[in-house]
Amino acid sequence: MKERGLFSTVGKDLSAGLVVFLVALPLCLGISLASGAPLFAGLIAGVTGGLVVSWVSGSQLSVSGPAAGLTVIVLNGIQSLGSYEVFLLAVVLSGVFQVILGFLKAGIIGLYFPSSVIKGMLAAIGLILILKQIPHFLGADNDFLGDLDFFQSDGRNTFSEIGYAFSNKLQLGSLIVGMVSLAILILWERPFMQRIAIFKLIPGALIAVLVSIGLFLLFQNSFPALAIADSHLVNLPEISGPASLLNELRFPEWAAITNANVWVVAITLAIVASLESLLSVEAVDKLDPHKRRTPTNRELKAQGVGNMISGLIGGIPLTAVIVRSSANVNAGGESKLSSFFHGVFLLLSILFLTNVLGLVPLAALAAVLLMVGFKLTKPVLYKTQWKLGMDQFLPFIITIVAILFTDLLKGISIGLVVGVFYILKANYKSPYFFKRENHNGQEKIHIKLSENVSFLNKASVALTLDHLPENSEVLIDGSQSTYIDYDVLEAIQNFRTVAHEKDIRLTLRDIPGVKTMDMH
């Protein structure tokens, strides 16, 4: 692909940044609330992710900000350390650890996650977005974020929350806003609409939000029965100027640097945030239509810098986040400018737009996320994975189910175990070429080892040798091998010592070190 200048895609990136901002704003607030942190802290992390991490990172499309996957760690960290200011010190230190991990080249860890698990993660997040946003779409849930976890803090789970919404809390006004917003988003992407130049420049999400504000005001003034409660509107801290903005900032308690618990929380944050970031950028790279690769070690450094700055000015920890990154890709983002613009919009909203954004119904934002979720978990994805075979489909579908019923990191861990099982199975089958012939009643067996024979192949080689027939001639040929693991050599040596007991005449060709190995 021909290299383009950074600002050659500014139109698309500005439009995408606006869409990401509309998705990010309530998530920043919701994650702060769920984490037990000051409401403003999530916005600080979001602004830092947009204005700082976007430039330090080598990723073109990932978006950084507060992550739902860290809520429990943040909540427990604040409680265990006794104050939010002491927790901020742990956030700063976690950023330092991430930068160190980047220089130690720990980013390579992200490359070891199987493609089927990454695709399963994306599909699961799509399903979670759909399931979690239905109650907000109906105007039936005051907590916009909800939880990514299956079991929620309000005692309900992903599915019972939907049933509760339909049976008890449905608000007709929110439902109308949600349906109109969703209809606009679907219509906006129709080919006949995209052929009109002005519709390509203006994001459908912006139109949906503006229409939703109009409907809210209409219901409020003319149709009281459809009026949408304040609890189902975007809620921003009120900032009247620079002085009140500074009053909202909190700063680390440096005197707690000798507290061992601060270091424990910092290390925990660094490890979990790094893993979540690496998984997110790996997933976003798969969504990138230009198939660009993110330098993972640089990403760790960028996230570390972001967390140091966020912690220094009162923000909660941040990571590369898949929901906002997916929204960025789906909105047509082309470069890191889109993430930067979303940070600019967040900052402007804090300074100047709190009154206007307070009129936006959460149902409209739920409609935006429903569209993002559907694009992540389209039926064609399941069909494609099925056609690739069970070794790809099972890790994919198990990852989805595990994430749906636990949380992101646990689900990925379960999917990874299944994926590794199939990798081990594939290695088990292919460490050698096996040829068997019969000459005048005499079995002749030729075992030709492959180019690389690792410890993963030990079980396969040992079982094959154990089941060789008695009274046969066996040639184990390592002439084509560049590497044979010690464990495999040991298995061959053990077989060499007992082959005569089965009347097997064994010949070894280019098997290094076997003859000189200890026979005892």
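Both backbone and side-chain heavy atoms feed into the values below; hydrogens, waters and symmetry mates do not. Position 1 is the first residue of the sequence; numbering continues from there.
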Query raised in the report: Can you find a heavy atom in the side chain of Arg250 that is under 4.5 Å from one in the side chain of Pro38?
Result: yes

**Report entry** Heavy-atom closest contact (Pro114 atom, Leu416 atom, distance)
**Finding:** CD-CD1, 3.4 Å

Query raised in the report: Given side chains that start at C-beta, do those of Thr48 and Ile313 come closer than 4.5 Å, heavy atoms only?
Result: yes

Query - Donor-acceptor under 3.5 Å (Tyr84 side chain, Gly314 main chain) - result: yes

Query raised in the report: Between the main-chain N or O of Ser57 and the side-chain N or O of Lys336, is there a donor-acceptor pair closer than 3.5 Å?
Result: yes

Query - Validation row: Met121, Ile125 side chains within 4.5 angstrom (heavy atoms) - result: yes

**Report entry** Heavy-atom pair with the smallest gap, counting every atom of Ser94 and Ala270
**Finding:** O-CB, 3.6 Å

Query raised in the report: Between Arg298 and Val56, is there a donor-acceptor pair closer than 3.5 Å when you use the side chain of the first and the backbone of the second?
Result: yes

Report task. Measure the acute angle between the ring planes of Phe21 and Phe345, then classify it against the limits of 30° and 60° as parallel, tilted or perpendicular. Result -> tilted

Report summary line: Closest non-hydrogen atoms of Leu318 and Ser310, given as atom of the first, atom of the second and distance, are CD2-CB, 4.2 Å

Query - Student check: side-chain heavy atoms of Leu81 and Val265 closer than 4.5 Å - result: yes

**Report entry** Heavy-atom check, side chain of Val209 versus side chain of Leu365, under 4.5 Å
**Finding:** yes

Query raised in the report: Strictly by modelled atom types, are Ser116 and Tyr422 linked by a side-chain donor-acceptor pair under 3.5 Å?
Result: no

Query - Lys387 NZ: over 12 foreign heavy atoms closer than 6.0 Å - result: no

Query raised in the report: Is a donor on one side and an acceptor on the other found under 3.5 Å between the side chain of Thr319 and the backbone of Ala273?
Result: no

Query raised in the report: Going by atom types alone, do Asp13 and Thr9 pair a side-chain donor with an acceptor below 3.5 Å?
Result: yes

Report task. Please indicate whether Met179 has more than 12 foreign heavy atoms, meaning atoms of other residues, nucleotides or ligands, lying under 6.0 Å from its CE. Result -> no

Requested in this report: Check Ser338, Ser339, Ser62 against Asn328 for a side chain to side chain donor-acceptor pair (under 3.5 Å) and give me the one that passes.
Outcome: Ser338

Query - Distance, nearest 0.5 Å, that separates CD1 of Ile398 from CZ of Phe421 - result: 10.0 Å

Query raised in the report: If every non-hydrogen atom of Phe216 is compared with every non-hydrogen atom of Pro361, which pair is closest and at what distance?
Result: CB-CG, 4.1 Å

Query raised in the report: Which is it for Phe352 and Leu347 under the side-chain contact (heavy atoms from CB on, under 4.5 Å) test, yes or no, and what are the steps along the way?
Result: CA-CA 9 Å; Phe352 306 113; Leu347 181 59; over 6 Å; no

Report task. Scan side-chain atoms only and decide if Glu299 and Thr294 contain a donor-acceptor pair under the 3.5 Å cut-off. Result -> no

Query raised in the report: Do the side-chain N and O atoms of Asp288 and Gln60 include a donor-acceptor pair separated by under 3.5 angstrom?
Result: no

Requested in this report: Would you indicate whether the side-chain heavy atoms of Phe192 and Leu187 approach each other to under 4.5 Å?
Outcome: yes

Query raised in the report: So Asn307 and Val92, side-chain contact (heavy atoms from CB on, under 4.5 Å) or not? Walk me through it.
Result: CA-CA 6 Å; Asn307 275 317; Val92 175; over 6 Å; no

Report task. Measure from the side-chain N and O atoms of Ser80 to the backbone N and O of Gly77, and report whether any donor-acceptor pair falls under 3.5 Å. Result -> yes

**Report entry** Residue pair Ile228 / Ser174: nearest heavy atoms and the distance that separates them
**Finding:** CG2-OG, 3.7 Å

Query raised in the report: Is there a donor-acceptor pair under 3.5 Å between the side chain of Thr354 and the backbone N or O of Ile350?
Result: no

**Report entry** Lys105, NZ: over 12 other non-hydrogen atoms inside 6.0 angstrom
**Finding:** no

Query raised in the report: Ala205 and Val368: which non-hydrogen atoms are nearest, and at how many Å?
Result: CB-CG2, 4.0 Å

Query - CG on Leu287 to NZ on Lys119, rounded to 0.5 Å - result: 10.5 Å

Query raised in the report: Below 4.5 Å, heavy atoms only, C-beta onward: do Leu300 and Thr296 meet side chain to side chain?
Result: no

**Report entry** Pair Gln303-Ser274, side chain to side chain donor-acceptor pair (under 3.5 Å): steps then yes or no
**Finding:** CA-CA 8 Å; Gln303 296 299 329; Ser274 297; over 6 Å; no

Query raised in the report: CZ of Phe251: more than 12 outside heavy atoms within 6.0 angstrom?
Result: yes

Report task. Examine distances only and state if a side-chain atom of Ser32 and a backbone atom of Phe40 form a donor-acceptor pair shorter than 3.5 Å. Result -> no

Report summary line: Output for pair (Leu51 CG, Ser64 OG), nearest 0.5 Å, gives 12.0 Å

Query raised in the report: Does some side-chain heavy atom of His342 sit less than 4.5 Å from a side-chain heavy atom of Leu346?
Result: yes

Report task. Check step by step if side-chain contact (heavy atoms from CB on, under 4.5 Å) holds for Val117 and Val418. Result -> CA-CA 9 Å; Val117 174; Val418 177; over 6 Å; no

Requested in this report: Answer yes if the ring centres of Tyr382 and Phe396 are under 6.0 angstrom apart, and no otherwise.
Outcome: yes

Report task. Determine, stepwise, if the pair Ser59 / Arg293 fulfils side-chain contact (heavy atoms from CB on, under 4.5 Å). Result -> CA-CA 7 Å; Ser59 176; Arg293 294 291 304 176; over 6 Å; no

Query raised in the report: Looking at OG of Ser54 and CZ of Phe341, how far apart are the two atoms once the value is rounded to the nearest 0.5 Å?
Result: 10.0 Å

**Report entry** Gap between atom CG of Leu93 and atom CG of Leu88 - 0.5 Å precision
**Finding:** 11.0 Å

Report summary line: Output for pair (Leu70 CG, Glu276 CD), nearest 0.5 Å, gives 5.5 Å

